[in-house]
Amino acid sequence: MNIKILGALAAVALLAACSHEAPPVSNSVSSGMGTQTTTPSGPVPGSEEDLVANVGDRVFYAFDKSALTDEGKATLDRQAAWLAKYPQVSIQVAGNCDDRGTEEYNLALGNRRAVAAKDYLVAKGVAAARMTTISYGKDKPTAVGDNEQAWAQNRNAISSVK
Amino acid sequence: MTDHDSSLPNHSLLGRRGLIGATASLLAAPAALAQSAPPAAPGAATPPQSAVIDVNRARTAPIPVALPNFATDNAVLADMAAQITSVITNDLARSGLFRVIAQQAYIGNDTGAIPNFGNWSAIGAQALVTGKLMDAGNGQLRVEFRLWDVLPQTQIQGTAYTTNGANWRRISHIIADVIYERLLGEKGYFDTRIVYVADSGPLLRRVKRLAIMDQDGANNRFLTDGSWMVLTPRFHPTRDEITFMSYSGNRPRVYTFNLGTGRQAVLGDFVGMTFAPRFHPNGDSIIMSVTDGGGSDIITVDLASRRRTQLTNSGAIDTSPCYSPDGSQICFESDRGGDQQIYTMDASGGNVKRISFGEGRYGTPVWSPRGDLIAFTKIGGGGFSIGVMQPDGSNERILSEAFDIEGPTWAPNGRVLAFWRQTPAADRHGSGYSERIVSIDITGFNERVIDTPTDASDPDWSPLNT
């Protein structure tokens, strides 16, 4: 539950910073990861917060689609690198949909999105055994509102630390 | 019993006895009346000016019915007598096929064994329902009711029920079903329930619980506590049981839930997610989807042997399967052709045919209990709609359109659908958002919200007599 709430809060923060995708990881943050003593309140390396703040925990999809965008692939490349750095971490990849589809179809579509993200990570060398997928269909939105901006936020696959 | 008249036909009421511990006996027409009216025979000629018509005519001209409060000599039962009358009135009026004449219009106080038909015809009543309530001792209640055809001045039906007083609401619905059946020549749907998902809490942390209620919204009961998300409850065709999907343990899977014992059981161990369950019309197996990689296949699981049979393997999304009432065919949705459309296939998985060809996407196909129609959700042109088509895809008709409506379910007589309607969230706090269960006649008239204590989605209408 805490993980979910953190994910949602982080999403709002990211939205404020740019349109859809997480900002690229800055050099200063990456280099600071190894020591973790210099910053008073930074995320713990390898943690959920670290994934959200410094890597990008989610990728977005077009309406009724599960193909990864170039931005999505870039985010997953960073996730793969991050998972390589923290081999003890396992993740859940959750697929979600906007509510412009029917309940059961969206459960299947959310699964397809989660699997698309997971398959990409496997291709980038992440062991399949470290990842599980789940679909919440249209029932776990991260953005409220019946407009294209909210719907775009809700068509995603979100990685979270298990 | 002494008041049984063997010249009157038995009817389906007797099948309900065991379920609520009620006994029903037929009441003969008072001796002063020449004879009772014959049972309604669909298609047969009916006496002129008789209240007995058919559904199509009643849609255009609802049958005017008078329904004075049931009488009782027992002051303790007076409230219940009025409530029984009110439940029957509400059932008939909500169907849109009856016009219950307001009690203020009634002339005189009709207390004799035979109604003063002139007083009822004077206010335009064609059918009259009278009833009497008696304390039968030991907590038992005797409810007598008679249905009269006002213009020919005949008794159409007379029945006495003896049951536990706690069943008064159910007896009221059963009486309303008898009235519906005797006047329209088809089974009613009032003694039924609706299982659904009760939604509460803020939109980003929605709590979803299973809930069940009578079809008129009464007797609402929550079946799960909301600690895990639950979706898509569907009734067993005969038992007091549902199948549904739960995220219990963060593992989305299909379960069965015996409502009598409260026992829940997961339906098998699968690598992927199982979802979109429905019982076979014989109740012996469940058809559902299971994910396989990015695709979703349709399978059946036999409930006794747990044997699994895979029916589709397209690699696409195949889901929302539903049997025809005779079990010989299955309708389902698939995006194998590029987007979400409705298909039918044989129960064995062969002979797959696409049946939806209109503009837009089609999903949630549900076969009518009469076998004649498939109800669906259509998405296109910026909105959602609920419609019906024949099983070969012909004669598509849209019944209701809205920003977001979906998930039709059939009343057991195949004359009414329920679905859910979502009104949009106007701002990022979700203001304006609501989900309601709505019923509608299959001709698209008489759309009505069913009152629920919380937001409500994904209804499933029970069979009659459960």
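Proteins get letters first, then strands, A, B, ... in listed order; numbering begins at 1 in each.
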| request: Assess whether atom CD of E359(B) is packed by more than 12 heavy atoms of other residues, nucleotides or ligands within 6.0 Å. | output: no
| note | Whatever's closer than 4.5 Å to a heavy atom in chain B on L107(A) counts as both
| field | side-chain contact (heavy atoms from CB on, under 4.5 Å) partner of M273(B), the single match among N111(A), I134(A), T133(A) | value | N111(A)
| note | Smallest heavy-atom separation, F275(B) atom then A108(A) atom, equals CZ-CB, 3.8 Å
| Lys/Arg N to Asp/Glu carboxylate O, D146(A) vs R428(B), below 4.0 Å | no
| remark: Bottom line for S135(A): the part with an atom under 4.5 Å from chain B's heavy atoms is both
| task | Pick one of side chain, backbone, both or neither for D199(B), based on which atoms fall under 4.5 Å of a heavy atom in chain A. | result | neither
| Pairwise distance CG(L231(B)) to OH(Y136(A)) - rounded to 0.5 angstrom | 11.5 Å
| message | Once rounded to the nearest 0.5 Å, what's the spacing between atom OH of Y105(A) and atom OH of Y362(B)? | response | 15.5 Å
| message | Rounded at 0.5 Å granularity, tell me how far OG1 in T102(A) sits from CD1 in I379(B). | response | 5.0 Å
| note | So, the part of D99(A) with a heavy atom under 4.5 Å from chain B: the answer is both
| request: Go through the steps for Q340(B) and L109(A) under the test side chain to side chain contact (heavy atoms under 4.5 Å, CB included), then give the verdict. | output: CA-CA 11 Å; Q340(B) 186 185 10; L109(A) 179 60; over 6 Å; no
| Given the rule in the side chain to side chain contact (heavy atoms under 4.5 Å, CB included) test, do T291(B) and R112(A) qualify, once you have shown the distances and angles that lead to the verdict? | CA-CA 9 Å; T291(B) 58; R112(A) 193 190 261 165; over 6 Å; no
| said: Testing T232(B), T364(B), I317(B) one by one against E104(A) for a side-chain contact (heavy atoms from CB on, under 4.5 Å), which residue passes? | reply: T232(B)
| Are R100(A) and F403(B) in a cation-pi contact, defined as NZ or CZ under 6.0 Å from the six-membered ring centre and within 45° of the axis? | yes
| task | For the pair D139(A) and R206(B), find out whether any cationic side-chain nitrogen is under 4.0 Å from an anionic carboxylate oxygen. | result | no
| said: At a 4.5 Å cut-off on heavy atoms, which part of T319(B) comes close to chain A: side chain, backbone, both, or neither? | reply: side chain
| field | Portion of V144(A) that has a non-hydrogen atom of chain B nearer than 4.5 angstrom | value | both
| said: With chain A as the partner, which of M229(B), E333(B), R361(B) has the greatest number of non-hydrogen pairs under 4.5 Å? | reply: R361(B)
| message | Donor-acceptor pair, distance only, cut-off 3.5 Å: does the side chain of E406(B) make one with the backbone of E103(A)? | response | yes
| said: Just so I understand: if I count every heavy-atom pair under 4.5 Å between each of G293(B), A426(B), G363(B) and chain A, which residue has the most? | reply: G293(B)
